[in-house]
Amino acid sequence: MGVVIETFIWEPSSSFFIFFFVSTFLSIFLFPYFAKNRTFGSFDHSISSSFARFQRWFLAIYTLSSVMEGLWSVYGELELASYGVSKESMVFYLCVGYSTALVLGPLLGVLSDLIGQKRICLLYCVLHLVVGVWKRITMSPSAWFPNICLSLAGLVYSFGFETWLVVEHEKQSQRNDSLNETFWLMAFLESASLIGGQVLANWLVDENVQHGIALSATASLFLSIVTIICIVQTAKEPLKTLPFRDYSAAFYAYVLGDKRIWFLGTSQACLQFSTAVFWILWAPTIVADGREVNLGLIYPCFLGSRMLGSTVFPWLMSGQSLLRLEDCLVYIYAILGVVFSIVAYDYQEIRILVVLFCLFHGFAGLSLPLLARLRTMYVPNELRGGMISLSQFPANAAIVFLLIQRGYSNKIENSTVMAFGAISLFTASGCIYLLRRWGKSPHQDWHKL
């Protein structure tokens, strides 16, 4: 008599998705009825018509750009595996991408400050256009060239759009509330667009992965062309005339010479490092006990929790909060460090791991607009791109080092890498605490907006 072994594939319950949807819906639509400051955010009609028009165009452009980011993040190892690429080669491609960001990242940030943010955002679209053309006409297992382009595009995405927004906001002399609104909407729409990119990629892919990649390349081409047209349709940006010598002197005085910027930049680097560690190790951590898991349904849970976390930001900014922004970030980073410590200390059940990772993304979604607000308080807009890209240098260096140690030498375990992520988050909490001590009085910006 034969024995039938039933296989069980773990996947999150539908209650997870219902919880995130209902909670996010209530957080957004109940806000105007309970907020102390009724003029905040999407419900503020005091902004000028020109900035409101720019804001709508900007959010549409940012949403399309986020969809392009999410479109290629779906494949990753699956694309390389379809070509028969070995694990060592996959690690090599990751190292190439992060090494490119390590070397060219600071240069791109300075370039954006010198030539203008609108032009650097156009470069982002051109890079995705090149990747789309490459993958459409070249069915080759060689992934170093598109990997470099996507790494550079990810760098531009991390600072280009935000800097473009704050420069336009300062140019039109708008209130702080309109800027705060756009910060949390960017974090919210980014997560929603990443989910949309996953849905689009899964809809295009079929049993033949390479055919699905070709269709995704066509979609990327279309989205990049539409985004370029939208960027060109916005108001013309004057050519920057600041000489490089003057820019270097200002950067040294107001960024490198300010200890508060060092604290803020270190905290940003620590968050970027821990986030990269998560995206590299979350899948191996969940399937470590050998059980089959539907990772495609867990991924939207992370982004849903991130969307929910971003909606908490307007509640914090709606009135005179008892906590300063720095205080909030100190506690957030400490909580994130505890989450990583639990994962690094011992293996947990899949359900507990998913809850912990959702907590990580929920608080990370809240920290993104908070960090953007702190950059507005402490970093001059003319130097913002260079500061953000420079802060990513130590994070990228640490990631390359750990990839070599773990991927090639096998000298450290995944739990050790997670422990490094926890240490970096506790370090970020300490940096924000020092920033609070060295910073200005509560609710006073570095420059008036």
Side-chain angles (χ1 to χ4, degrees), residues 61-83 85 89-109 111-112 120-161 190-191 193-198 200-202 204-205 209-210 212-228 272 275-280 299 303 388-389 392-393 395-396 399-400 403 407:
I61 292 169
Y62 188 75
T63 301
L64 291 173
S65 303
S66 300
V67 173
M68 286 189 286
E69 281 290 299
L71 192 62
W72 293 119
S73 64
V74 172
Y75 292 101
E77 183 178 347
L78 177 63
E79 177 184 3
L80 297 176
S82 66
Y83 292 114
V85 178
S89 298
M90 294 180 187
V91 174
F92 170 75
Y93 291 140
L94 278 176
C95 291
V96 168
Y98 281 108
S99 299
T100 303
L102 176 67
V103 175
L104 299 181
L107 299 179
L108 278 178
L111 182 64
S112 71
I120 208 70
C121 292
L122 282 172
L123 174 62
Y124 170 85
C125 299
V126 170
L127 288 171
H128 273 281
L129 182 66
V130 171
V131 172
V133 172
W134 176 275
K135 290 182 177 290
R136 194 68 183 90
I137 66 177
T138 306
M139 302 303 294
S140 171
S142 177
W144 63 269
F145 178 73
N147 197 22
I148 288 176
C149 292
L150 290 177
S151 297
L152 294 178
L155 276 171
V156 175
Y157 181 82
S158 66
F159 62 81
F161 292 97
E190 177 186 355
S191 301
S193 301
L194 291 175
I195 296 177
Q198 182 199 26
L200 179 60
N202 288 331
L204 292 174
V205 73
V209 177
Q210 297 179 7
I213 293 172
L215 292 177
S216 297
T218 303
S220 179
L221 280 171
F222 174 76
L223 290 173
S224 58
I225 293 174
V226 171
T227 308
I228 290 174
Q272 181 193 359
T275 303
V277 167
F278 168 82
W279 286 121
I280 294 173
Y299 179 79
L303 298 179
I388 297 176
S389 61
Q392 297 177 356
F393 181 88
N396 290 325
I399 294 168
V400 171
L403 282 174

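Counting from 1, the numbers follow the sequence of the chain as shown. What you see is a predicted model; the values in this text were computed from it and never measured.
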Within-4.5 Å side-chain heavy-atom neighbours: Gln392 and Leu102
no

Is the number of heavy atoms from other residues, nucleotides or ligands within 6.0 Å of CZ (Phe92) greater than 12?
no

How many angstroms lie between CD1 in Ile120 and CZ in Phe159, if you round to the nearest 0.5 Å?
5.5 Å

Looking only at heavy atoms, which two atoms of Ser224 and Cys125 are closest? And how far apart?
CB-O, 3.6 Å

Separation of Leu129 CG from Cys149 SG (nearest 0.5 Å):
10.5 Å

Restricting to side-chain hydrogen bond (donor to acceptor under 3.5 Å, both in side chains), what partner residues turn up for Glu190, sequence neighbours left out?
Tyr62, Arg306

Under a 4.5 Å cut-off applied to non-hydrogen side-chain atoms, are Asn147 and Ser151 in contact?
yes

Quick one: sort the Phe145 and Trp134 rings into parallel, tilted or perpendicular, breaks at 30° and 60°.
tilted

CG of Leu152 to CG of Leu123, rounded to nearest 0.5 Å, is 8.0 Å

Option among Leu150, Val126, Leu71, Leu221 that satisfies the side-chain contact (heavy atoms from CB on, under 4.5 Å) test with Val131:
Leu150

Return the CG to OG distance between Leu64 and Ser193, rounded to the nearest 0.5 Å.
8.0 Å

Which one of Ile195, Leu194, Leu223, Thr227 satisfies the side-chain contact (heavy atoms from CB on, under 4.5 Å) criterion with Val67?
Leu223

Are any of the side-chain heavy atoms of Ser99 and Val400 separated by less than 4.5 Å?
yes

Taking all non-hydrogen atoms of both residues, which atom of Ser389 and which atom of Gly109 are closest, and how far apart?
OG-CA, 3.2 Å

For residues Ala395 and Gln272, report the shortest heavy-atom separation together with the two atoms involved.
CB-OE1, 3.5 Å

Do Ile228 and Leu122 make a side-chain contact, defined as non-hydrogen atoms from C-beta onward lying under 4.5 Å apart?
yes

Interatomic distance, OH@Tyr93 vs SG@Cys95, rounded to 0.5 Å, equals 12.5 Å

For Ala101 versus Asn396, what's the shortest heavy-atom pair and its separation?
CB-ND2, 3.6 Å

CD1 (Ile148) and CG (Leu127) are apart, to the nearest 0.5 Å, by 11.0 Å

Tightest non-hydrogen contact, residues Lys135 and Pro146, listed as CE-CB, 4.2 Å

Is Tyr124 close to Met68 at the side-chain level, that is, under 4.5 Å between some pair of heavy atoms?
yes

